[in-house]
Amino acid sequence: MILIVGSNALVAIDLGCRGAAAGVSLLIAGLLLRDRSDAAARLSAALVVAVAASAVTSAPGFPRPWPYWGLPLLAMSCSGAVLFWLWARATFDDDFELRPWHGALLVAIVGVQLFDVWPTRGMHRGELDRPLSFVYLGLTLLAAAQAIATWQPDLVAGRRRLRAAVLVGAVAYSAAGLVQSLWPVETSGFFAWSLGNALLLWALMSLGAWSLFQAATTPQASAVLPTTDNIPGELGVAAPGEDRPTAVDPDLLRRLQRLMTVERVYRREGVTIGSLSAELGVQEHRLRQLINEGLGHRNFNAFLNSYRIDEVKSALADPAQQQVSVLTIAMDAGFQSLGPFNRAFKANTGVTPTEYRRRTLQTAGRGIAAG
């Protein structure tokens, strides 16, 4: 006997999934705000609150046209696309910083969405639904592009897996929302479509909660591993009584350090994690793990730049190289252009290369005069 589920039962299941998704979302937000204070955590918390609002506002039976009391929920819900893009930037780009224009973009998109559905607009309500759907899809694709663009140099295994989840789960969810907006389903298929949306939303939030709780019950790597980049040239030897993770092979670490400090492979043009692993004769994933867990670097480019910047700093502090231009020194150290070099150098030292040279040479001159 085939059991046919009626529309009332589908609605009940739908509302139950949405309620569960909203509850889990708010729980995740609370835990993130309690335990972390970085930009990625704050954006994550804001994003899951937006997901909770979306679960409520897209539920069957939610009033349409929008009542005034529903507009705050709509504002939170429609901010999700911008927050998702910013979250991807903050999570997958270690150099990302929130800027005032990010907030301005969020306010602008929310403002346009609220204007489109404002109760007093009468028959003009909903005219911007289709353009806004493309804007939301575009932001989702930008988030996916961010996940792809920085995938190769990423050394953090968990974050690399998260990229795949972002590409498959979130993009599929947003694409389904766009299809629903552009080609609304007939009444006969609405309940099944809405239920599928609710189930996917609940599954994504449950997966996020499981990952968060799993991380909370796992011994933190930061208790053993360095939380900042080691100084190039150091072998990362554990302190007395401190256990180094079993994934770190001391012999492989010494070979890697020799390549970097003696052969200075960071100077080569186009050096990648793949070419370096081939030269060491190890699998790429082992080298990623070694650099991340043995030396504390989260990004391969940052790993290379730490050696390059050390070489540049030595050259800038050398009185014998006063007449050598900063650009020449940077290019000799392996940087390919001036812009990325200046940003990396200032992030490392807090000053520009020219200012660093002036200060170090002045200090050296005073030392010689005093002697």
Side-chain angles (χ1 to χ4, degrees), residues 37-40 89-90 92-102 150 153-156 222 225-239 253-254 256-273 276 290-292 294-371:
S37 59
D38 55 286
R89 294 288 310 278
F92 301 135
D93 182 359
D94 292 324
D95 298 325
F96 172 76
E97 293 182 5
L98 280 172
R99 304 290 185 186
W101 70 267
H102 293 139
T150 52
D154 193 358
L155 301 174
V156 183
S222 59
L225 302 175
T227 54
T228 56
D229 297 343
N230 280 15
I231 299 173
E234 293 184 353
L235 291 179
V237 178
L253 190 60
R254 282 191 291 269
L256 173 62
Q257 291 286 0
R258 177 176 176 80
L259 280 178
M260 303 306 293
T261 58
V262 178
E263 300 185 29
R264 295 195 283 193
V265 297
Y266 57 85
R267 286 183 162 192
R268 298 177 188 171
E269 184 177 354
V271 60
T272 64
I273 189 76
L276 193 57
L290 177 72
I291 298 173
N292 176 232
L295 297 176
H297 294 270
R298 295 165 56 85
N299 182 280
F300 184 68
N301 293 331
F303 166 67
L304 295 177
N305 285 347
S306 63
Y307 290 91
R308 292 167 177 163
I309 289 173
D310 262 24
E311 180 175 326
V312 169
K313 286 160 66 175
S314 297
L316 293 176
D318 184 1
Q321 299 191 52
Q322 287 187 67
Q323 303 307 315
V324 182
S325 69
V326 171
L327 177 60
T328 299
I329 292 174
M331 299 291 279
D332 287 345
F335 286 99
Q336 302 302 308
S337 58
L338 192 59
F341 160 67
N342 283 332
R343 288 192 294 271
F345 190 91
K346 190 166 185 179
N348 180 274
T349 64
V351 296
T352 65
T354 302
E355 179 66 15
Y356 181 86
R357 168 181 264 177
R358 185 185 64 80
R359 290 183 182 182
T360 53
L361 291 179
Q362 282 182 350
T363 302
R366 285 196 296 268
I368 293 174

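The basis for the numbers below is simple: all heavy atoms, side chains too, and nothing from hydrogens, waters or symmetry mates. None of the values given here were measured: they were computed from a predicted structure.
- With sequence neighbours excluded, the residues satisfying side-chain contact (heavy atoms from CB on, under 4.5 Å) with Ala40 are Arg36, Asp38, Ala90, Thr91.
- Residues Leu256 and Phe303 are in side-chain contact: their nearest non-hydrogen atoms beyond the backbone lie under 4.5 Å apart.
- Partners of Gln322 according to the side-chain contact (heavy atoms from CB on, under 4.5 Å) rule, which considers only residues two or more places apart in sequence or in another chain, are Pro319, Leu361.
- Checked against salt bridge (charged side-chain N to carboxylate O under 4.0 Å, His left out), Glu269 has no partners two or more places apart in sequence or in another chain.
- Taking every heavy atom of both residues into account, Val312 and Ala330 meet most closely at CG2-CA, 4.2 Å.
- Not counting sequence neighbours, the partners of Arg89 by the side chain to side chain donor-acceptor pair (under 3.5 Å) test are Gln146.
- For the atom pair OH of Tyr307 and CZ of Arg264, the computed distance is 13.0 Å after rounding to the nearest 0.5 Å.
- Taken from CD1 in Ile291 to CG in Leu276, the straight-line distance is 6.0 Å, to the nearest 0.5 Å.
- By the side-chain contact (heavy atoms from CB on, under 4.5 Å) test, Leu327 is found to be paired with Ser325, Met331, Leu338, residues two or more places apart in sequence or in another chain being considered.
- Under the side chain to side chain donor-acceptor pair (under 3.5 Å) criterion, Asp154 pairs with Arg159, Arg163, sequence neighbours left out.
- For the atom pair CG (Asn342) and CZ (Phe335), the distance works out to 9.5 Å, reported to the nearest 0.5 Å.
- For the pair Ile273 and Leu155, the minimum side-chain heavy-atom distance is below 4.5 Å.
- Of all the heavy atoms in Arg268 and Arg308, the pair that sits closest is O-NH2, 4.4 Å.
- Legend: residues meeting side-chain contact (heavy atoms from CB on, under 4.5 Å) with Leu98, ordered by chain and number and at least two apart, are Ala39, Leu43, Leu86, Phe96, His102.
- The two residues Ile329 and Ala315 have their closest heavy-atom pair at CG2-CB, 3.6 Å.
- The distance from atom OG1 of Thr261 to atom CG of Asp310, rounded to the nearest 0.5 Å, is 11.5 Å.
- Remark: Asn305 CG to Phe341 CZ distance equals 10.0 Å, nearest 0.5 Å.
- Between Gln257 and Leu295, the shortest heavy-atom distance links the atoms NE2-CD2, 3.5 Å.
- Atom OG of residue Ser306 and atom CG of residue Asn301 lie 11.0 Å apart, to the nearest 0.5 angstrom.
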Return all side-chain donor-acceptor pairs below 3.5 angstrom for residues 347-354, not counting sequence neighbours, or 'none' if the list is empty.
from: Asn348; atom 1: OD1; to: Lys313; atom 2: NZ; distance (Å): 3.4
from: Thr349; atom 1: OG1; to: Phe345; atom 2: O; distance (Å): 2.9
from: Thr349; atom 1: OG1; to: Val351; atom 2: N; distance (Å): 3.3
from: Thr349; atom 1: OG1; to: Val351; atom 2: O; distance (Å): 3.1
from: Thr352; atom 1: OG1; to: Glu355; atom 2: N; distance (Å): 3.2

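- Under the side chain to side chain donor-acceptor pair (under 3.5 Å) criterion, Tyr356 pairs with no residue, sequence neighbours left out.
- Between Val265 and Leu304 there is no side-chain heavy-atom pair separated by less than 4.5 Å.
- Taking the side chain to side chain donor-acceptor pair (under 3.5 Å) definition, one finds that Asp93 meets it with nothing, sequence neighbours left out.
- Within the structure, salt bridge (Lys or Arg N to Asp or Glu O under 4.0 Å) pairs that include any residue of residues 332-352 do not occur (at least two apart or interchain).
- Under a cut-off of 6.0 angstrom, the local environment of CZ in Arg258 is sparse, with at most 12 non-hydrogen atoms contributed by other residues, nucleotides or ligands.
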